[in-house]
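Here the structure is laid out as structure tokens; the discussion comes afterwards.
Only this structure's heavy atoms are used, side chains among them; waters, hydrogens and symmetry mates stay out. Each chain gets a letter, A, B and so on, in the order its sequence line appears, and its residues count up from 1.
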Number of protein chains: 2
Amino acid sequence: MAKVDLARRAEIGREKRARTRAQIVEAGATLLGGRTNEAITVDAVVEAAGVAKGTFYYHFKSIGELAAAVGAGLSQSFDELLTPARLERPDPVDRLSFAFIKFLEKASADTDWARLVIQSSQSPIEFGMGVRANLKADIEEAIAQGRVSVRDVELAADIAIGIWLEVTRGIIERGPRPGTTGQALDATLRALGLSQR
Amino acid sequence: MAKVDLARRAEIGREKRARTRAQIVEAGATLLGGRTNEAITVDAVVEAAGVAKGTFYYHFKSIGELAAAVGAGLSQSFDELLTPARLERPDPVDRLSFAFIKFLEKASADTDWARLVIQSSQSPIEFGMGVRANLKADIEEAIAQGRVSVRDVELAADIAIGIWLEVTRGIIERGPRPGTTGQALDATLRALGLSQR
DNA sequence: TGTCAAAACGACTATATCGTCAATATGAGA
DNA sequence: TCTCATATTGACGATATAGTCGTTTTGACA
């Protein structure tokens, strides 16, 4: 009777499910990044993803849940950009500088990604917090070493994040310019009052 | 026959019109500042303003037109904050510093205003452009005097605006802290590589 | 090739929001 | 008090979007 392997069936299901789900998440990311101010609709998402409406609700309970999934993907892209190089850098300022440059290069190369980050930065609910936590840890370490003139960690984080976000907006708006990345980093380090090691 | 003064009638109308219109604009400003991500609705505006739906459409063609009116009011508040003091300051760095401090103080004192500015900064369509133009003029003058190490005016503007916006977000999020305003200004001047006169 | 559980579909109802318009209210001056 | 141009009202039909659900398709495996 039990001739079918139910576990295998479920696995197949999971794989197919993952493909379609990825389509929807990608469409959602594009729409979320490109919106001006009005909210995105389920109809717009399913049209962009090329799936039926029922399929959307099979995968997500609401647009909010989709947005959360997009945010999770964004978090992952940040981690992938950073994690490998973080461990091998003992100096907090090196880590901070590396991340700053890396993110800015990514934004220059992938405008859609940049738009999405900018949009997501509006709601600091979950995604931006991880990045900020890393940044704050680096700054705190540098402060402890007496190398930062801005004493308030939160303020220092705001300064670095603010410069990064607005420079990224500039790249989106006016395109990447040679030298911008390095100059932006230098400006940020000066702003924090960082003395070289 | 012509016993009524038509011009006077029209004036009365204009006054009453202005009052109701102001109510709607104020409600719109609150909603636009407080929104998370979904678009605001006409129904929400009329409820907040305490007027009927028809009244909204009597004054505005759409939500977009209301948003434009709110943006115009915001522009005006910036000008009022600045203009009187701008003319009597010959030094561009003084002007820039004054504006930076003034805006930050205003944001600390009036959180609703700050929220609205943050939200409006997303769409650099018209409102933010005036502020940016002033800022760029000041920076350009300082660059011409050889006092700024960041040579790209657009980048310099992005840096100053970025710091201001994110510090303002911090104030909204975590409340104003003593010393933040001055430290943020110092950091901005360092970021731009400004040497004192 | 047939089976079947998971996945996808899309038509449908419910609800929200838009935008209109005929009717009513307002209020300064005659 | 009456007039009337202007402003305000809110019910209404039109449209857009949300969310449901019975039906159909898919595809690995027996």
Take atom [atom1] of [X] and atom [atom2] of [N], then tell me their distance rounded to the nearest Å.
{"X": "A:Y57", "N": "D:dG22", "atom1": "OH", "atom2": "P", "answer": "18 Å"}
{"X": "A:L31", "N": "D:dT17", "atom1": "CG", "atom2": "C1'", "answer": "15 Å"}
{"X": "A:E47", "N": "C:dG10", "atom1": "CD", "atom2": "P", "answer": "13 Å"}
{"X": "A:E38", "N": "D:dT15", "atom1": "CD", "atom2": "C1'", "answer": "16 Å"}
{"X": "B:L66", "N": "C:dG19", "atom1": "CG", "atom2": "P", "answer": "13 Å"}

Which residues pass the salt bridge (Lys or Arg N to Asp or Glu O under 4.0 Å) test with B:R151, sequence neighbours left out?
->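 If we apply the salt bridge (Lys or Arg N to Asp or Glu O under 4.0 Å) test to B:R151, skipping adjacent residues, there are no hits.
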| With sequence neighbours left out, what residues match B:R169 under salt bridge (Lys or Arg N to Asp or Glu O under 4.0 Å)? |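 With neighbours one apart ignored, the set is B:E166.
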For nucleotides 11-17 of chain C, 5' to 3', base contacts (B), sugar-phosphate-only contacts (S) and non-contacts (-) with protein non-hydrogen atoms under 4.0 Å give ------S
Is there a side-chain contact between A:Q119 and A:V70 (heavy atoms, below 4.5 Å)?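 No, side chains not in contact.
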**Q.** Selection from D:dG19, D:dG10, D:dA7 that lies nearest to any side-chain heavy atom of B:Y58
**A.**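 Nearest nucleotide to the side chain: D:dA7.
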*asked:* Once side-chain hydrogen bond (donor to acceptor under 3.5 Å, both in side chains) is applied, what residue pairs with a partner in residues 97-116 of chain B remain, sequence neighbours excluded?
replied: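 For residues 97-116 of chain B: B:S77-B:W113.
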Inset, instruction - Could you list all the side-chain hydrogen bond (donor to acceptor under 3.5 Å, both in side chains) pairs where at least one residue sits in residues 45-57 of chain B, not counting sequence neighbours? - result: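 Applying side-chain hydrogen bond (donor to acceptor under 3.5 Å, both in side chains) to every pair that reaches into residues 45-57 of chain B, excluding sequence neighbours, yields B:D43-B:K53.
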* Asked: What pairs with A:F98 under ring pair (Phe, Tyr, Trp, His ring centres under 6.0 Å), at least two apart in sequence or on another chain?
  ->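 Checked A:F98 against ring pair (Phe, Tyr, Trp, His ring centres under 6.0 Å); zero matches.
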